[in-house]
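The structure displayed is predicted, hence computed values, not measured ones.
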Amino acid sequence: MRIVGLTGGISSGKSTVSNMFKANDIPVVDADVIARDVLRRGTGGWKKVVKAFGNTILLENGEVNRAYLGQIVFSDPTKRQLLNRLLAPYIAFGIYWEIVKLWLKGYKLIVLDIPLLFETKMNRMTKPVIVVWVDPSTQLQRLMARDGISEEQALNRINAQMPLDEKREKADVVVDNSDSLEETKERVCNVLIQIRKPLTWREFVLSRDGVVCFLSSIILGVAAYRYSK
């Protein structure tokens with residue numbers, strides 16, 4: 001199985017690129033979706049976060065007020081790190097479980113869409129690593145327009161993450177999303193050609209079909225040995 005890593009920064013357009021992969025029938029494991037699920041009312045993640053941050057982060061229906069919690073953690077690095085530590089085990093389990101389900105279905109190519117891919121060291125299990133990059137000015141303007149926030153608030157959120165330039169240096173593939181949507185689509189098409197190349201031997205062995213072939217060869221070998229005796 002080929003596990004492709006996809007990451008970027010806030011308002012870099014990572015979700016746009018992720019949707020392009022989905023549109024091309026490539027399954028995507030979205031860490032943001034999993035993060036929302038592990039913070040739903042009554043879950044283990046919800047209980048730990050409410051215990052740490054108090055009932056003031058809750059809406060009337062008991063769900064976490066994500067916007068308010070975001071304001072808290074983006075303005076306080078210590079609280080942001082606390083939130084990440086509390087939810088990391090639940091998110092990691094959710095990601096691994098989605099990978100297992102796709103493996104069982106026989107998929108040979110999947111994409112892990114993880115904002116904190118490098119920070120959580122999950123880039124070690126992905127190859128290639130794709131970083132969606134935009135220039136700092138474009139990132140700032142897009143974030144302010146998208147969330148309707150001030151420049152100071154936008155900078156706080158951007159600075160709370162690993163710089164995009166640093167992520168770009170760690171990437172195997174960079175998708176520049178600073179230009180038009182059509183240009184980004186063209187760049188993603190080139191990436192699709194690359195990641196759809198035949199699996200390496202190691203990737204095939206780790207796929208469901210590879211495991212089946214391996215086990216079948218062992219069974220046939222044992223049967224042939226016994227028959228020859």
Side-chain angles (χ1 to χ4, degrees), residues 2-36 66-67 70-71 73-75 80 91 95 98 102 107-199:
R2 176 170 295 151
I3 303 177
V4 177
L6 175 66
T7 192
I10 190 168
S11 286
S12 67
K14 176 179 62 63
S15 295
T16 298
V17 173
S18 180
N19 288 332
M20 291 178 185
F21 285 130
K22 294 175 186 176
N24 282 274
D25 299 321
I26 297 177
V28 175
V29 177
D30 191 332
D32 283 339
V33 172
I34 294 171
R36 287 195 291 271
R66 299 175 189 276
Q71 291 177 7
V73 300
F74 278 121
S75 61
R80 184 170 64 252
I91 295 173
I95 290 171
E98 290 300 317
L102 291 170
Y107 284 100
K108 296 182 177 66
L109 170 63
I110 67 172
V111 171
L112 297 189
D113 179 350
I114 305 178
L116 301 179
L117 184 72
F118 294 114
E119 293 89 334
T120 58
K121 311 298 183 185
M122 294 194 79
N123 60 300
R124 296 174 179 175
M125 62 182 290
T126 64
K127 190 71 175 181
V129 172
I130 302 169
V131 168
V132 182
W133 180 89
V134 291
D135 64 84
S137 176
T138 300
Q139 183 184 22
L140 178 62
Q141 295 303 317
R142 285 180 180 175
L143 179 56
M144 291 170 61
R146 187 193 73 182
D147 292 357
I149 57 179
S150 67
E151 181 175 340
E152 181 182 359
Q153 290 173 313
L155 286 172
N156 283 339
R157 297 189 180 191
I158 291 172
N159 293 333
Q161 299 181 337
M162 179 186 292
L164 267 177
D165 284 344
E166 185 176 345
K167 290 186 177 184
R168 180 173 60 174
E169 293 176 1
K170 297 174 179 288
D172 299 307
V173 179
V174 177
V175 175
D176 187 345
N177 190 38
S178 302
D179 303 309
S180 69
L181 182 62
E182 289 304 314
E183 288 174 293
T184 298
K185 285 182 179 179
E186 183 177 343
R187 290 162 185 157
V188 171
C189 284
N190 292 330
V191 174
L192 285 168
I193 294 172
Q194 179 177 342
I195 65 176
R196 280 174 164 163
K197 290 180 179 179
L199 299 184

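Evaluation of the side chain to side chain contact (heavy atoms under 4.5 Å, CB included) rule for F74 yields R157, A160 as partners, not counting sequence neighbours. Residues satisfying the side chain to side chain donor-acceptor pair (under 3.5 Å) criterion with R187, sequence neighbours excluded, are D179.
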Between side-chain atoms of residues 114-121 and protein atoms elsewhere (two or more places apart, or another chain), which donor-acceptor pairs fall under 3.5 Å?
from	atom 1	to	atom 2	distance (Å)
T120	OG1	L116	O	2.7
T120	OG1	L117	O	3.4

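When side chains are defined from C-beta on, M20 does not count as touching V28, because their heavy atoms never get closer than 4.5 Å. Looking at heavy atoms from C-beta onward, K14 lies in side-chain contact with L6 at the 4.5 angstrom threshold.
Minimum interatomic distance between L112 and M125 (heavy atoms only, all atoms of both residues): CD1-CE, 4.4 Å. The shortest heavy-atom contact between I195 and R2 is O-NH1, 2.7 Å. Considering all non-hydrogen atoms of both residues, S12 and V134 come closest at O-CG1, 3.4 Å. Summarising the geometry of T126 relative to M122, their closest heavy-atom pair is CG2-O, 3.6 Å, with the distance given to 0.1 Å.
The structure places CE of M144 at 9.5 Å from CD1 of I158, a figure rounded to the nearest 0.5 Å.
Around CD of E186, the count of heavy atoms belonging to other residues, nucleotides or ligands within 6.0 Å does not exceed 12. The number of heavy atoms from other shown groups lying within 6.0 Å of CZ (R124) does not exceed 12.
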